[in-house]
Amino acid sequence: MKNIYISMFAFVSLFLAGCADDYLDVDQTESVSTDDIELYNNNAGAETFVTAIYNKFLDWDTTSFGWIGLTSITSDDADKGSSPGDAGTDKDILDALTYNASNPSCRDIFKAYYAGINRCNQALEIIPQLDKADAGLRSRLIGEATFMRAFMYFTLVKIYGGVPIVDHLPNPSSIEDKNMLLTRKPVAEVYAFIENDLNAAIAALPLKSSYSSDEKARVSKGSAYALLAKVNLYQKNWQKVVDNCNLVTGYSLVPDYATMFRLEGENGPESIFEINGVGSVPAKGIRQYSQVQAPKGTGGWGWGFNTPSQSLLNAYEPGDVRKDATIIFRGTTLYDGKLVPNTVQNERYNYKAYSSNYSGADDSDANVIFIRYAEVLLMKAEALNELGQTSDAIPLLNQIRNRAKLPNTTFSSQDDIRKAIWRERRVELAFEFDRFFDLVRTGQAKAAFAADGKIFTEGKNELFPIPEAFLNEAKGLSSQNPGY
């Protein structure tokens, strides 16, 4: 963890020393000095610190190649893709579930999310000091930063299990703070921390409807309730799932599923937490997110990784419109008239990552949706069914099916509806970073991976390895996950 340790301490040590070489990135092409916070003692300055958090999601190591490998290629929804001889650094190892503590993607995601948490802590430390900024704005910005920190910790606990809880900017001379950075906390304690952050965010954030049209991508009270419901889901606190889902108001399913993943449908009525990838010149967006997943080979325009598996293709029922909205097929024409020739390397590609305006660019305008209203309905349905209220769960499941142009479910028993909801989550949320973790939390992983030709080792593969570099720095303060 030496690099993380330095990055966590650098801001504080340089800031306290008044060094002019300290910088806070606010987007991919600009940096601003933070040696004098009085420069930011206004509304625009306060917003800068939260903008820096949102923009962390544009980084290569946060939401691009390693993230795709760790959360998607590992699942039974996707194969490595590309050409057989192109490992994509470690994507072949991730695909085979044979990674270890030296795996680059595991290391880079760990570092990237702690860098993001550091930005959250910077915002939470500095914004309250900006007394010339509007008090209401400062309160909202603190709510946004608190939500983002909770989201980042939820991501970390799903991937690694117990992790260090860094709840403030560390003092570089404090042994206690050094230990804080290097000591893994129990999973239950991490979840409690996440829930506390989300409850604080709920108190500070406005409803989505109160944002102006140019701020609709910001997180809202509904975002925090939805994430809290998901945190409850992973802990099987079923009644809390229902209660928090009921508090996610002001959202609706969009009639046309495919439009959510196109420029025209960005941040629409179904979107609850979505990261903007804004195409422009010079290019800004999620670094190469579209490019690494676009068709590869003669007539293609990308690297060809993260290809939809045969297992996923088989999961769609006849007539399900989500199949053609999720999968690019070789030899077909896309919605904007672009031809995918028969000469590209792989049979299938991820349609949800496609950018029409920047199809061949390093960076594109494709957004990433982390939470949307369809998932809220499915979470509520799953929780109601587990509480024995199956008859109340079925209409929610049918809402999702009907939007996909499918008939109502014919199942009625609790166990059949449980499996139907799990199947619906798979095809509804394909390539939205949930499948691997859904398989683990529902106990389906071993059988599902076996059907996809992979060996999932129970007692090991539920979690990814803690990076070796972190453990070397921790010097006994933290230990490795089982099996690695």
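What's counted below: heavy atoms across the whole structure, side chains too, no hydrogens, waters or symmetry copies.
Note on Lys230 versus Glu375: salt bridge recorded, some NZ/NE/NH1/NH2 to OD/OE distance being below 4.0 Å. Salt-bridge check for Arg435 with Asp76: passed, with a basic side-chain N closer than 4.0 Å to an acidic carboxylate O. Ionic pairing of Arg441 and Glu462 is not present here: no N-O contact between side-chain nitrogen and carboxylate oxygen is shorter than 4.0 angstrom. Glu468 has no carboxylate O lying under 4.0 Å from a charged side-chain N of Arg107, or vice versa, which leaves the two without a salt bridge. A salt bridge is absent between Arg426 and Asp438; no separation between the charged side-chain nitrogens and carboxylate oxygens falls under 4.0 Å. A salt bridge links Arg322 with Glu424; the closest basic N to acidic carboxylate O contact falls under 4.0 Å. A salt bridge is absent between Asp167 and Arg149: the closest approach of a Lys/Arg side-chain nitrogen to an acidic carboxylate oxygen does not fall below 4.0 angstrom.
Every pair passing side chain to side chain donor-acceptor pair (under 3.5 Å) that includes a residue from residues 388-399 is listed here, sequence neighbours excluded: Asn385-Thr390. For residues 289-332, the pairs satisfying ring pair (Phe, Tyr, Trp, His ring centres under 6.0 Å) are Phe65-Trp303, Phe65-Phe305, with sequence neighbours left out. The side chain to side chain donor-acceptor pair (under 3.5 Å) analysis of residues 244-254, with sequence neighbours excluded, yields the pairs Ser220-Tyr251, Asn232-Asn244, Asn246-Lys380. Screening residues 254-279 for ring pair (Phe, Tyr, Trp, His ring centres under 6.0 Å), with sequence neighbours left out, gives Phe147-Phe273, Phe151-Phe273, Tyr257-Phe261, Phe273-Phe370. Residue pairs that meet the side chain to side chain donor-acceptor pair (under 3.5 Å) test with at least one member in residues 445-456, sequence neighbours left out, are Asp95-Lys454.
For the pair Trp67/Thr62, no side-chain contact is recorded, criterion being any heavy-atom separation below 4.5 Å from C-beta on. Counting heavy atoms from C-beta outward, Asn367 and Asn267 have side chains that approach closer than 4.5 Å. A 4.5 Å side-chain heavy-atom check between Ser356 and Leu263 finds every atom pair outside the cut-off. Two residues are said to be in side-chain contact when any heavy atoms from C-beta on lie closer than 4.5 Å; Arg423 and Leu397 fail this criterion. Leu97 has its side chain within reach of Phe456: a pair of non-hydrogen atoms, C-beta onward, lies under 4.5 Å apart. By the 4.5 Å heavy-atom criterion applied to side chains, Glu195 and Val231 are counted as neighbours. Side-chain contact between Leu378 and Glu428: present, with at least one pair of heavy atoms (C-beta onward) separated by less than 4.5 Å. Considering only heavy atoms from C-beta on, Asn350 stays 4.5 Å or farther from Ile328 through its side chain.
Taking the salt bridge (Lys or Arg N to Asp or Glu O under 4.0 Å) definition, one finds that Lys352 meets it with Glu432, sequence neighbours left out. Evaluation of the salt bridge (Lys or Arg N to Asp or Glu O under 4.0 Å) rule for Lys419 yields Asp415 as partners, not counting sequence neighbours. Under the rule for a ring pair (Phe, Tyr, Trp, His ring centres under 6.0 Å), the partners of Tyr99 that lie at least two apart in sequence or sit in another chain are Phe464. A search for side-chain hydrogen bond (donor to acceptor under 3.5 Å, both in side chains) contacts involving Tyr234 returns nothing, not counting sequence neighbours. Here Arg330 pairs with nothing under the salt bridge (Lys or Arg N to Asp or Glu O under 4.0 Å) rule; sequence neighbours left out. When the salt bridge (Lys or Arg N to Asp or Glu O under 4.0 Å) test is applied to Arg262, no partner is found at least two apart in sequence or on another chain. Tyr191 pairs by the ring pair (Phe, Tyr, Trp, His ring centres under 6.0 Å) definition with nothing, not counting sequence neighbours.
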_Checking Glu274 against Arg372 for the salt bridge (charged side-chain N to carboxylate O under 4.0 Å, His left out) test, could you report, in this order, the C-alpha distance in whole Å, the side-chain angles of both residues, the deciding distance, and whether it holds?_
CA-CA 8 Å; Glu274 180 170 345; Arg372 52 188 175 86; over 6 Å; no
*Begin with the C-alpha distance, continue with both residues' side-chain angles, and end with the deciding distance and a verdict on side-chain hydrogen bond (donor to acceptor under 3.5 Å, both in side chains) for Asp79 and Asn306.*
CA-CA 6 Å; Asp79 298 317; Asn306 197 34; over 6 Å; no
*Just do the side-chain contact (heavy atoms from CB on, under 4.5 Å) check on Lys296 and Asp86 with the steps written out, would you?*
CA-CA 11 Å; Lys296 177 179 182 174; Asp86 191 344; 3.3 Å; yes
*asked:* Determine whether Ile272 and Val248 satisfy the following criterion, side-chain contact (heavy atoms from CB on, under 4.5 Å), listing intermediate values before the conclusion.
replied: CA-CA 9 Å; Ile272 294 177; Val248 181; 3.9 Å; yes
*Starting from the C-alpha separation in whole Å, work towards a yes-or-no answer on side-chain hydrogen bond (donor to acceptor under 3.5 Å, both in side chains) for Ser413 and Asp416.*
CA-CA 5 Å; Ser413 73; Asp416 284 342; 3.2 Å; yes
*Could you go through the side-chain hydrogen bond (donor to acceptor under 3.5 Å, both in side chains) check for Asn314 and Gln310 one step at a time?*
CA-CA 6 Å; Asn314 294 343; Gln310 185 66 46; 2.9 Å; yes
*Do Arg401 and Thr409 pass the side-chain contact (heavy atoms from CB on, under 4.5 Å) test, and can you show the C-alpha distance, the side-chain angles, and the key distance before you say yes or no?*
CA-CA 8 Å; Arg401 291 180 57 80; Thr409 183; 4.2 Å; yes
*Check the pair Ile109, Asp61 against side-chain contact (heavy atoms from CB on, under 4.5 Å), reporting the backbone distance first and the verdict last.*
CA-CA 6 Å; Ile109 293 297; Asp61 289 334; 5.8 Å; no
_Thr146 vs Asp197, side-chain hydrogen bond (donor to acceptor under 3.5 Å, both in side chains): CA-CA, chis, key distance, verdict_ = CA-CA 6 Å; Thr146 306; Asp197 263 3; 5.3 Å; no
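Between the side chain of Thr63 and the backbone N or O of Phe57 there is at least one donor-acceptor pair closer than 3.5 Å. The closest donor-acceptor contact from the side chain of Thr298 to the backbone of Val344 lies at 3.5 Å or more, if one exists at all. For Lys208 (side chain) and Ser271 (main-chain N/O), a donor-acceptor pair under 3.5 Å exists by modelled atom type.
Across every non-hydrogen atom of Glu382 and Thr442, the tightest pair is OE2-CG2, 4.4 Å. Nearest heavy atom pair, residue Ser355 against residue Asp365, reads OG-OD1, 2.6 Å.
Taking a 6.0 Å sphere around CG of Leu334, one finds it holds more than 12 heavy atoms contributed by other residues, nucleotides or ligands. Residue-environment remark: NZ (Lys323) stays at or below the threshold of 12 foreign heavy atoms within 6.0 Å. Under a cut-off of 6.0 angstrom, the local environment of NZ in Lys405 is sparse, with at most 12 non-hydrogen atoms contributed by other residues, nucleotides or ligands.
Side chain to side chain, Thr307 and Asn346 fail the donor-acceptor criterion of an N or O pair below 3.5 Å.
Judged by the 6.0 Å and 45° rule, Lys460 forms a cation-pi pair with Tyr484. For the pair Lys56 and Tyr54, the NZ or CZ position fails the cation-pi test of under 6.0 Å to the six-membered ring centre and within 45 degrees of the ring normal.
If you run salt bridge (charged side-chain N to carboxylate O under 4.0 Å, His left out) between Glu386 and each of Arg418, Lys240, Lys236, only Arg418 comes through.
Once rounded to the nearest 0.5 Å, the distance linking CD of Glu266 with CG of Asn276 reads 6.0 Å.
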